[in-house]
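Below: one structure, written as structure tokens.
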Amino acid sequence: GAIFSAIMLRILSRGFLGPVTAQHPEGKPFSIFAYQFPFSHQGFKKFLEQLPYKALKPVQWSLKADYLFMAFVYPFLACSAWYLLRNCRTGGFLAGHETTVALLLRWGIRLSFTAWLLDVAENLLLLSCLRRLSFLKSRAVLLVSLLKWGCVLFVVGILGVVILTGYCA
């Protein structure tokens, strides 16, 4: 399911064409990350104002298709952390640190679902920004996006460390 969703999101991203330029007569391609991380409110406002009408639908579809992707990825991360928590005991580099590893894996489970909620909030805010942008919305999008990616990277990092260090040996 996650692979299918990722392919669908990739196909939709081909429609992400910004303003027409001399170098890009059909529109300059942009990444959804340019939309998810509005570090400057004025830059984000200019980006949305220059976004051609034909690019709005693929962006909206991509944000809606992201819900399908979320339904597979975040439970997968949580289940992976839960599996490691339940089935791995001692071994490898982390032997003797079972309590710490168990605590980190429990946090990994919690943060997987927190990232899921933040991703839903991010998509709702981004769809709202397409309708009407405000300074507060652009700052909220940035904050929620940074928090979501922080949670995701923490969970993936914990899973990576636990697996790669041979804790489950």
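The shown structure was predicted, so the numbers you read here are calculated from the model rather than taken from an experiment. No hydrogens, no waters, no symmetry mates; every other heavy atom, side chains included, goes into these values.
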* To do: Show the numbers, then the answer: is there a side-chain contact (heavy atoms from CB on, under 4.5 Å) between Trp107 and Ile158?
  => CA-CA 9 Å; Trp107 271 104; Ile158 293 301; over 6 Å; no
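- In this structure, the separation between CG on Leu147 and CG on Leu111 is 10.5 Å, given to the nearest 0.5 Å.
- Rounded to the nearest 0.5 Å, atoms CG (Leu142) and CG (Leu125) are 11.5 Å apart.
- We find the CG-CG distance between Leu127 and Asp66 to be 10.0 Å, quoted to the nearest 0.5 Å.
- For the residue pair Trp116 and Ala71, the shortest heavy atom distance occurs at CZ2-CA, 3.8 Å.
- The line from CG of Leu105 to OG of Ser80 is 10.5 Å long, rounded to the nearest 0.5 Å.
- In this structure, the side chains of Val156 and Val152 come closer than 4.5 Å at one or more pairs of heavy atoms.
- The shortest side-chain heavy-atom distance between Leu63 and Leu124 does not fall under the 4.5 Å cut-off.
- A donor atom on one side chain and an acceptor atom on the other are found under 3.5 Å apart for Lys137 and Ser128.
- The minimum heavy-atom distance between Leu118 and Val144, with the atom names listed, is O-CG1, 3.1 Å.
- Considering only heavy atoms from C-beta on, Ser112 stays 4.5 Å or farther from Phe76 through its side chain.
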* **Test log, rule side-chain contact (heavy atoms from CB on, under 4.5 Å), inputs Phe154 and Leu104** => CA-CA 10 Å; Phe154 182 83; Leu104 290 173; 4.0 Å; yes
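- Taken together through direct or relayed side-chain contacts under 4.5 Å among Ile, Leu, Val, Met, Phe, Trp and Tyr, Leu133 and Leu143 form part of one hydrophobic cluster.
- Residue Val120 comes nearest to Met70 through the heavy atom pair CG2-SD, 3.7 Å, listed as atom of the first residue, atom of the second, then distance.
- Side-chain contact between Phe39 and Phe44 is absent, with no heavy atoms from C-beta onward closer than 4.5 Å.
- In this structure, Ser145 and Val141 have side chains that are in contact, with non-hydrogen atoms separated by less than 4.5 Å.
- Proximity of Leu130 to Leu126: side-chain heavy atoms (C-beta onward) are nowhere separated by under 4.5 Å.
- With rounding to the nearest 0.5 angstrom, the NZ atom of Lys46 is 10.0 Å from the OG atom of Ser40.
- Closest of all the heavy-atom pairs between Ser138 and His41 is OG-ND1, 2.8 Å.
- Rounding to the nearest 0.5 angstrom, the gap separating the NZ atom in Lys45 from the SG atom in Cys129 is 12.5 Å.
- A single hydrophobic cluster is not seen to contain both Phe69 and Leu117; linkage of ILVMFWY side chains at heavy-atom distances under 4.5 Å, directly or through other members, places them apart.
- Using modelled atom types and a 3.5 Å distance limit, the side chains of Asp119 and Tyr74 yield a donor-acceptor pair.
- Under a cutoff of 6.0 Å and an axis angle of 45°, Arg86 and Tyr83 do not form a cation-pi pair.
- No continuous path of ILVMFWY side-chain contacts below 4.5 Å connects Leu153 to Leu77, so the two sit in separate hydrophobic clusters.
- Trp82 and Leu103 fall within a single hydrophobic cluster, where Ile, Leu, Val, Met, Phe, Trp and Tyr are joined by side-chain heavy atoms under 4.5 Å apart, directly or via other members.
- Here the shortest heavy-atom pairing between Ala81 and Gly108 reads CB-C, 4.4 Å.
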